[in-house]
Structures are given as C-alpha cells and as structure tokens.
Amino acid sequence: MSSSRQDPSDLLEAECESLQSNSWADGDNFVNYPNAAALIESAIAAIEKSIPDRFEHDGRTYRLRSKLKRLDLGIHKDPASARPLLRLETESLRWLGFKPGH
C-alpha cells in the first residue's frame, strides 16, 4: 500500500503560492496556511535572535531594547532564486533584547 501523504515542503510551497496569488492577506488568513505561518514565524525569530541586547560606546556598555515596527520579508527557497517563495510585510509587536531587572 502506498502512502498518500504529501511532502511537507510541497505543502509549504503550495500555501506560499496561494498566498502570493492574493493581492494581500490579513493575519486571520494565516489560520488557513499553517505551514506558511510557521515559516514566517521562523523567519521573524531568526531576525530577532540577531538583534543584540547591549552595545559598547566610549568604553561603557549600554543596554538595548528594540521593537521592529514593520518587516518587509522576502523568503527565498535557495540562494539562486530571484523570485521569493513568499514576500510579505508584517509587524512585530514583541520587544527584543534587554529586559529590565535581568
């Protein structure tokens, strides 16, 4: 008996293609695209991890806390792809970096 399960990357690509074909998608639409939503969350998490929580200036260490207001994401399948698998603008409402008292 053969399995009728689809490859997860095929599901992701189908969801991204469907999202890209719409003129725009609001946040509620991502409920219908769980694989694409997970990809977006992973991309945002990777960006957030790269933001420092401190920096040096004139021999002193300062704490940094930042909030990304708008992200224009182009997520490509591989380094050679000119067209993104998924391109969207999104907002991040999370504060990143230094947490007072820690």
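The structure displayed is predicted, hence computed values, not measured ones.
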Quiz item: Within a radius of less than 6.0 Å around CD of E48, do more than 12 heavy atoms belonging to other residues, nucleotides or ligands occur?
Solution: yes

Practice problem: Please report the closest heavy-atom contact between E15 and Y33, naming both atoms and the distance. | Solution: OE1-C, 3.1 Å

Quiz item: Heavy atoms, side chains only, cut-off 4.5 Å: are E56 and T61 in contact?
Solution: yes

Exercise. Taking all heavy atoms of L85 and all of C16, pick out the closest pair and write down the distance.
Key: O-CB, 3.3 Å

Quiz item: Hey, what do you get for CG (N35) to CD1 (I40), rounding to the nearest 0.5 Å?
Solution: 11.0 Å

Quiz item: Under the 3.5 angstrom rule, does the side chain of S18 hit a backbone N or O of A14 as a donor-acceptor pair?
Solution: no

Quiz item: Looking at side-chain heavy atoms only, is the closest gap between I51 and S66 below 4.5 Å?
Solution: yes

Quiz item: Which atom pair, heavy atoms only, marks the closest approach of K77 to E13?
Solution: NZ-OE2, 2.8 Å

Quiz item: Which value, rounded to the nearest 0.5 Å, describes the distance between L88 atom CG and L71 atom CG?
Solution: 8.5 Å

Quiz item: How long is the gap from OG on S9 to CG on L39, to the nearest 0.5 Å?
Solution: 11.5 Å

Self-check item: Euclidean distance, I47 CD1 relative to L73 CG, rounded to 0.5 Å
Solution: 5.0 Å

Exercise. Measure the shortest side-chain to side-chain distance between K67 and L96 over non-hydrogen atoms and say whether it is less than 4.5 angstrom.
Key: no

Self-check item: Residues R87, D72; criterion side-chain contact (heavy atoms from CB on, under 4.5 Å); working and verdict
Solution: CA-CA 7 Å; R87 180 170 186 266; D72 185 349; 2.7 Å; yes

